[in-house]
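To start, the structure under review is shown below, and the notes come after it.
Worth saying up front: this structure is predicted, and the values here are computed from it rather than measured.
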Amino acid sequence: MFEARGVNLRFGGVHALTDVSFGIRKGELFSIIGPNGAGKTSMVNCISGRYRPTDGKVYFKGRDVTGMTPNHRASLGIGRTFQNLALFGHMTVLDNIMVGRHHLLKNNFLTGSLYWLTGARKEELSHRREVEEIIDFLEIQHVRKATAGTLSYGLRKRVELARAIALKPDLILLDEPMAGMNLEEKEDMARYIVDLNEEFGMTVVMIEHDMGVVMDISHRVMVLEFGKKIAEGKPEEVLADPRVRRAYLGEDDEEEAPAAITAVVPPRKEVA
Amino acid sequence: MASVSIIPSGDYKTSYGSDTTIFPTRTSRNFAILGVILLLACPAFMDRYWLSLLIQIGYLGIAALGLNILVGFTGQISIGHSAFFGFGAFASAWASNSLGVPVALAIPLAGVMTTLVGLLFGMPAARLKGLYLAIATLAAQYILQDFFARADWFTGGTAGTIAEPLTIFGFAFDTDERFFYVALVALVVMYILATNLMRTRDGRALVAVRDHYLSAEIMGINLTKYRTMSFGISAFYAGIGGALYAHYLQFVSVEGFTILFSIQFLGMIIIGGLGSIMGTLMGTAFMVFLPEAMQALTKLVSGTALDTALNLKDNIAFLREMSIGLVIILFLVFEPDGLAHRWKQIKAYWKLYPFSH
Amino acid sequence: MTLLFQLLVNGLIVGALYGVVAMSFVLIYKASRIVNFAQGEFLLIGAWTCWWLLTSWQLPFWIGFPITLAFMLAFGVILQIVVLRPMIGEPIISVIMVTIGLSIVFQAAMKWMFGVFAKPFPPIFASPTMNLFGLEVQTVYVMSLVISILIMAGFGWFFKYSRVGLAMRATAFDQQVAQSLGISVRHMFAMSWAISAMVSAVAGVTVGVVNGVSSALSFFGIKVFPAVILGGLDSVIGAVVGGLIVGVLENMAHYLDSQWLNWGNMYEIAPFYVLIAILMIKPYGLFGTKDIERV
Amino acid sequence: DIPVGHLADQSGATSDVGVPYAQGVADALAYINSKGGINGTKLAVDTVDYGYQAPRAISQYKKWSSGSDKIAALQGWGTADTEALTGFVGKDEIPAYSGSYSGHLTDPTGKGPHGSKPAPYNFFYGPSYSDALRGMLMWAAEDWKKQGGQGKPKYVHMGANHPYPNAPKDAGEQLAKELGFDVLPAVQFALTPGDYTAQCLTLKEAGANYAYLGNTAGSNISVLKACQTVGAKVQFMGNVWGMDENAAKAAGAAANGVVFPMRTAVTWNAEVPGMKTLKDISKISDASGNAYRPVHYMAGVCTAFYMKEAMDWASKNGGVTGPNIRKAMYQKKDWVPAGLEGVCVPSTWTDADHRGMTAVNIYRAQVTGDTGASVADLVKAGTIKLEKLTTVDVPRKPEWLGW
Amino acid sequence: MMLSVNNIEVVYNDVILVLRGLSLEVPEGEIVALLGANGAGKSTTLKAISGLLKTEDGEVTRGDITFAGERINGIDPDRIVRKGIFQVMEGRRIIADMTCLENLRLGAYTRRDNGVKDDLDMVFSYFPRLKERTGLAGYLSGGEQQMLAIGRAMMARPKLILMDEPSMGLSPLMVKEVFSIVQQINKDLGVTILLVEQNARMALQAATRGYIMENGKVVLDGTAEELRNNEDVKEFYLGGGNEERKSFKNLKSFKRRKRWI
Ligand SMILES: Nc1ncnc2c1ncn2[C@@H]1O[C@H](COP(=O)(O)OP(=O)(O)OP(=O)(O)O)[C@@H](O)[C@H]1O
Ligand SMILES: Nc1ncnc2c1ncn2[C@@H]1O[C@H](COP(=O)(O)OP(=O)(O)OP(=O)(O)O)[C@@H](O)[C@H]1O
Ligand SMILES: [Mg+2]
Ligand SMILES: [Mg+2]
């Protein structure tokens, strides 16, 4: 489905990604984890086309898409959500999601303007129907007509997901979909993601810091650290890897957090 | 969970079709139709002065709508709109004078020609953002103005050019009473087209580009295409507005299309409400009526005790200019989001009355 | 050849003046992301004030000019308090429209107060012109050149290192965040408007001394847009460089025009063509900060 | 009452000349009313400042031209608005007296060789821009000989690329060629004050001898000053709106020697019979009677009085209507309104030729010393002097009609 | 009581009522956690305290907020900061076009003492990564930005820090670090902290007291201890009652939603 070969990404002196290669199989739920600043988002950006690797190639459905623009990739079937919310703040939730249908719609500024005469109305309405299904699926009916910018954080994340689903992507990239959610909401979100993967048959790439979620729902996990891949494999294998434990989780199990806390805090200087 | 949508209560839609109409409720639709009918009757009871103001609102409103599509919906500021307006005016006059195209066809043709010019000057939009783009449009303003003054074959040079009145089947729309209908029909048609545009694919894409162009691109929207296209559409509206202006005044001169005029267009849409179609019309009306109202007001003041007390006499003109500026300022201080916003709030208030919270 | 050289010198001198005006735009932009369309009127107000002090009060220039600057400082603060303060937090474009409103008001007010006729400045310098590299130039241009260099250096430092300079930039970036840091958005705005008004006055007086004061002088406000953009909207140094480039460009274009093209007004239009060309290569001008595009 | 519309620019871009001109018109009309109006009927004058914005002029015109109190005549002003209104006043048959002196407004039938739009209801008092320039060129040709100039004198047209400065450009350049001038490529400068050193340097380099300044005073002053600074020795020729007492004051020594055409025969302090009426008119807005009135004020008065006399005739010959006023304008030859003898220059309009005046009075501005004081004082002290050079009779050639 | 919020009501845009009579108290020197579902109004509460509502067209229409005995509602946000309340806003909100160092220096904007340099070193010793990143802060990764935002708050040396979801987007290791730093700031510098968190487990471990809000109101409050042992809280915020944590994978497609009102 997707493959990265020797991807390097540099920003000036910063090596965001160094020689990362991996593949994602069709129908997989693939997680990328790693410490902050490890290059996870950068990797996803390389997949979705926001960044172009300084070196290396990315393939999607067997095609070399390295030099392709993001909008072109979207029409090939890559959809995504963003770590820092990127909704269209002044549009309604409904319109936000309808934007996701962009590459599936045919009407343009001419036929659209002539709404009734050119079948644009019919087309819009049929897509509207599908969008409503997504809305039902994600349980955001009540905010359908609300302006996206005024929603609370959690709801916005959900709308983003809805927008990405509306693209009907084959590969969906989720950048920390559960950040800022409480347990209950995480559970909801996890359920949606699993459904997407299992029932809608979408291949999912997910960046997430909640190990519980990652362990439970992902098929395979890749770990990045300082832009390098340090592990890849089944979740439990990866989490057992001592390097991962040290670099990412902190040596001790999370249940014993308080003890760990004192361990990681650097000696503090005397401050006046 | 607090639902923030303000949908009139008791208004349940039974189909998606009825949920995407231009008018959210039947009452509002009926009001609009009634409004148009009332307007149709205007020439019967209004004098030429009022008609001429309404006609101005008509052609300026069309052009301003174009600007709003560019600025309000796509988020690209332009301070060169009057140049496109002027281009439309000259193009239509040129097409009918030199090519012998009937005026009724010259007007849309002028729209198309202006679109091409708009696309040309919209090209920097692919790379420039915000005020950098705005100043690039300022360049368009000056370059086009210079072109108008030079292109004798097209504009008649600095001497200007005459434009024939619009004639359909031998019936000349050459008086205010008659031209009023032309302006009204054009206005309604152009506004409906814009409304449709904004509720379909490309319109949404324009707004998406404005709100978050990075994620818009990832949603499959071709940024370059839409940024440029927005200039094209905007220029089309400006061109149509300009063409109507030409055939209404029947004379076009380079002097008319200055940067000040461009700024006035900006004023119309900001005061009306960025990104609001009906707001554009309200803003245009505001900017057309404001100087007239101030003029009338100064008339009232002159000769009164206030006049003598302040010793205005020769300076009343300055007082009027100042009050025009002041009204704009005060308006924006109290309603920075424009007339459309205030209108919405009034409506929301009455819908929820007496439970305003 | 000498003509070319003289034009070059003239371009630099006039360019420095554009640079001063451009700088006053940048100051406001840097603190508030507002493009002040009333900048030209600031020039005008400064020029009239100085003129008034020098003619009605018969003050010598070296007293009248500093008083003018002080007045403009106060004027900027008051203007900010009365008109712009209520607009804090409102859409930038609405605030820009307010500055357009202000320009209308000031334009009319100045005409009301000082009349519609151009008025000459009393003679200021012992020798009104001096010879610079073989070109007779107005002494006051040289004065503004010197002042502009000083101002530029001052602001370069100010925005890079001073606490308040940083705070101004933060305010421009995001008013809400700035407030959350304890920065008084009002103070920042007041300060930037005040300084900007003062800098404009330098330019206004310079132009006034050369051409006489009249309302049309406010046209300078729009004329320097290409300079502002060329340099980069938020760069003080860029403003000056942009001004110099536009000044030289105008003169060079005029040279080309008068010698070969005979287009007539190349000097007016050429900066705009060059502007577009440069922006296509450097979309944020020569020194402007790039927007951060991250998702 | 006889409704009369008066468009004035008191606050706009051309207010520096618009204010005195409009004051002249307004005072004259008020004076006429104080003397009983038009054969006993008062004029109902509506003076409106349109800020030099054509759209405002148009909507104002619509107000005036509709309804029951449709105006009988219009006192107009600028280029853009006069042009825009030409078609309307023709259709509505409202005589429009403007301050725009474009040559093509002088062709009432549109049959002139230059095929401009017919302007049957447009009038102005004074030589057209083209004729004024022709007159000055004829003077310049003489002057060159008198100065003992060697070879062909070099002439250059200067101004913005706008309708108003350009109006006489072709006419001037053509005549200059005929008169033996070497015509240099036109030099442009904007309508606003600015730095025009570059223009002056090229003038100097090209060695121009005579230059026409087509713009209004503000930007002309900038050119005069810049040319003085760089030491370009050019004889500047202003246009009617380009030079007056106020401009001479603002430009100071730089204005010294500039020649320009004048519409009236004399300036304010002259002693001619008509000045008595003029002083009375001036008292309308200046009770003290001390005000110094610049040339534009006087031109405004003359313009208003031509309209007044035409109305007088019309009221006796079928009523004060537009067509009658127009007809009245054609009744006399070389006429001066009663009471303004020696001030207004005799003019003639015919239904085929609206070139009211082809005699061009050429004046020279003399500025000696500091110009800080008020215009009245400067003129009294002789620091500013507008000195008459000559009157050139520009031939009324048919091929120059409407050009 | 250092901070007390009495029965406040907040309205956005003159029409949208978000807080409906919310009250809470923050005693000096403690860490108080504020928990609640998305959209409950937690961020709104913090903004009401810090005065930042105004810029979002929000307004406290009823009730009052007192800080150290002084009523502070209606005061401008910058003056509230000077009084010693500093908010770390949701979503980091660092100044993207400045460097880390400049961001940190701005944190100390209200300070006039000369301990700024030492505090910079202190922040860098907490977050060594920030020292390495010399480019513009806008290019930092999400987690790095969060560190910067917290560091910036420390630079202000406030009496009370309002933290809006400091752990959002941080790796597990960082989350621990951040919470330990929060505790340390509280203990060592004596700063009182009002903490809004989704990570209820960590929050209730660090905090001394907690409030749970729903729909613009506080529905439950008590010491951290009490809340940790509350069955409802356990089930809906901490995950799993007494039994083992349930797997995210095997959730039923229908769910019972907990609503206190
Ligand atoms: N456009 C850019 N310019 C410069 N540096 C960048 C850019 N984008 C990312 N970086 C740098 O690359 C590194 C990796 O960033 P990235 O956002 O991919 O991290 P991440 O793994 O997603 O971290 P987090 O979990 O905190 O979100 C960071 O050090 C960041 O500063
Ligand atoms: N600027 C605003 N305009 C209108 N409504 C708003 C605005 N900001 C927030 N709201 C509404 O107020 C309610 C509470 O929002 P708030 O951000 O305080 O929630 P929260 O508890 O912080 O949620 P989260 O955990 O998702 O951050 C939401 O329903 C939201 O839609
Ligand atoms: Mg990331
Ligand atoms: Mg929140």
Side-chain angles (χ1 to χ4, degrees), chain A residues 48-50 69-75 78-80 82 86-96 98-116 120-121 123-126 128-129 132 142-152 155 160 163-164 166-167, chain B residues 1-7 11 13 15-22 24 69 72-73 75 115 189-226 229-230 232-233 236 274-276 337:
Chain A
S48 70
R50 193 51 242 142
T69 56
N71 52 298
H72 197 166
R73 293 188 205 200
S75 51
I78 299 182
R80 73 171 284 188
F82 302 89
L87 282 176
F88 308 120
H90 297 90
M91 292 168 97
T92 62
V93 168
L94 199 62
D95 279 342
N96 263 283
M98 282 297 278
V99 171
R101 306 298 288 184
H102 187 82
H103 72 105
L104 299 170
L105 282 159
K106 296 272 166 326
N107 73 68
N108 58 30
F109 64 97
L110 276 180
T111 56
S113 299
L114 297 170
Y115 204 58
W116 305 277
R121 174 183 148 92
E123 189 190 20
E124 288 280 328
L125 291 185
S126 75
R128 168 80 190 271
R129 205 155 292 131
E132 289 289 345
H142 57 290
V143 291
R144 200 192 268 130
K145 289 277 173 79
T147 311
T150 61
L151 296 180
S152 73
L155 273 174
E160 266 210 359
R163 188 178 66 176
L167 273 154
Chain B
M1 223 170 268
S3 161
V4 288
S5 60
I6 302 165
I7 311 168
D11 173 41
K13 301 287 163 41
S15 73
Y16 297 135
S18 66
D19 197 24
T20 49
T21 50
I22 296 180
I69 289 176
F73 288 103
T115 308
V189 169
M190 296 303 278
Y191 271 63
I192 288 178
L193 289 183
T195 312
N196 284 337
L197 173 66
M198 293 331 292
R199 59 176 166 162
T200 49
R201 173 178 177 262
D202 280 8
R204 272 193 307 267
L206 293 179
V207 182
V209 169
R210 172 195 73 190
D211 274 9
H212 205 301
Y213 65 94
L214 291 174
S215 71
E217 190 175 21
I218 286 177
M219 291 303 128
I221 293 169
N222 184 335
L223 290 185
T224 308
K225 175 180 156 192
Y226 281 93
M229 187 172 103
S230 157
I233 297 175
F236 177 74
L274 289 174
S276 158
D337 294 321

Inset, instruction - Would you mind checking which part of B:F236 comes under 4.5 Å of any heavy atom in chain A, side chain (CB onward), backbone (N, CA, C, O), both or neither? - result: neither

Inset, instruction - Look up atom OG1 in B:T200 and atom CD in A:E124, then write down how far apart they are to the nearest 0.5 Å. - result: 5.5 Å

Legend entry - Close side-chain approach of A:R163 and B:S215, heavy atoms under 4.5 Å: yes

Inset, instruction - Quick one: closest heavy-atom pair of B:L193 and A:S113, and the distance? - result: CD2-O, 3.4 Å

Inset, instruction - Would you indicate whether the side-chain heavy atoms of A:N71 and B:I218 approach each other to under 4.5 Å? - result: no

Inset, instruction - Write down the atom of B:I233, the atom of A:F109, and the distance for their closest heavy-atom approach. - result: CD1-CB, 4.1 Å

Inset, instruction - Determine whether B:R210 and A:H90 make a side-chain contact, defined as any pair of heavy atoms from C-beta on separated by less than 4.5 Å. - result: yes

Inset, instruction - Calculate, to the nearest 0.5 Å, the distance between atoms CZ and CG belonging to B:R199 and A:D95 respectively. - result: 11.5 Å

Legend entry - Which portion of B:A216 sits near chain A, non-hydrogen atoms under 4.5 angstrom: both

Legend entry - B:R201 (side chain) donor-acceptor with A:H102 (main chain) under 3.5 angstrom: yes

Legend entry - Lys/Arg N to Asp/Glu carboxylate O, B:E217 vs A:R50, below 4.0 Å: yes

Inset, instruction - May I ask you to name which of B:V209, B:I221, B:L223, B:V207 has the most heavy-atom pairs under 4.5 Å with chain A? - result: B:I221

Inset, instruction - With a 4.5 angstrom heavy-atom cut-off, could you sort out which part of A:L105 is near chain B: side chain, backbone, both or neither? - result: both

Inset, instruction - Select, from A:A166, A:P70, A:G79, the one with the greatest count of heavy-atom pairs under 4.5 Å involving chain B. - result: A:P70

Legend entry - Minimum side-chain heavy-atom gap A:T69-B:N222 below 4.5 Å: no

Inset, instruction - Enter the distance from A:N107:CG to B:L197:CG here, rounded to the nearest 0.5 Å. - result: 9.5 Å

Inset, instruction - Please name the pair of heavy atoms, one in B:D211 and one in A:G89, separated by the smallest distance, quoted to 0.1 Å. - result: OD2-N, 3.2 Å

Inset, instruction - Can you measure from CZ (A:R101) to CE (B:M219) and round to the nearest 0.5 angstrom? - result: 13.0 Å

Inset, instruction - Select one option (side chain, backbone, both, neither) describing which atoms of B:M198 are under 4.5 Å from chain A's heavy atoms. - result: neither

Legend entry - CA sep, side-chain torsions, deciding dist, call: B:R204, A:M91, side chain to side chain contact (heavy atoms under 4.5 Å, CB included): CA-CA 9 Å; B:R204 272 193 307 267; A:M91 292 168 97; 4.1 Å; yes

Legend entry - Which portion of B:L206 sits near chain A, non-hydrogen atoms under 4.5 angstrom: neither

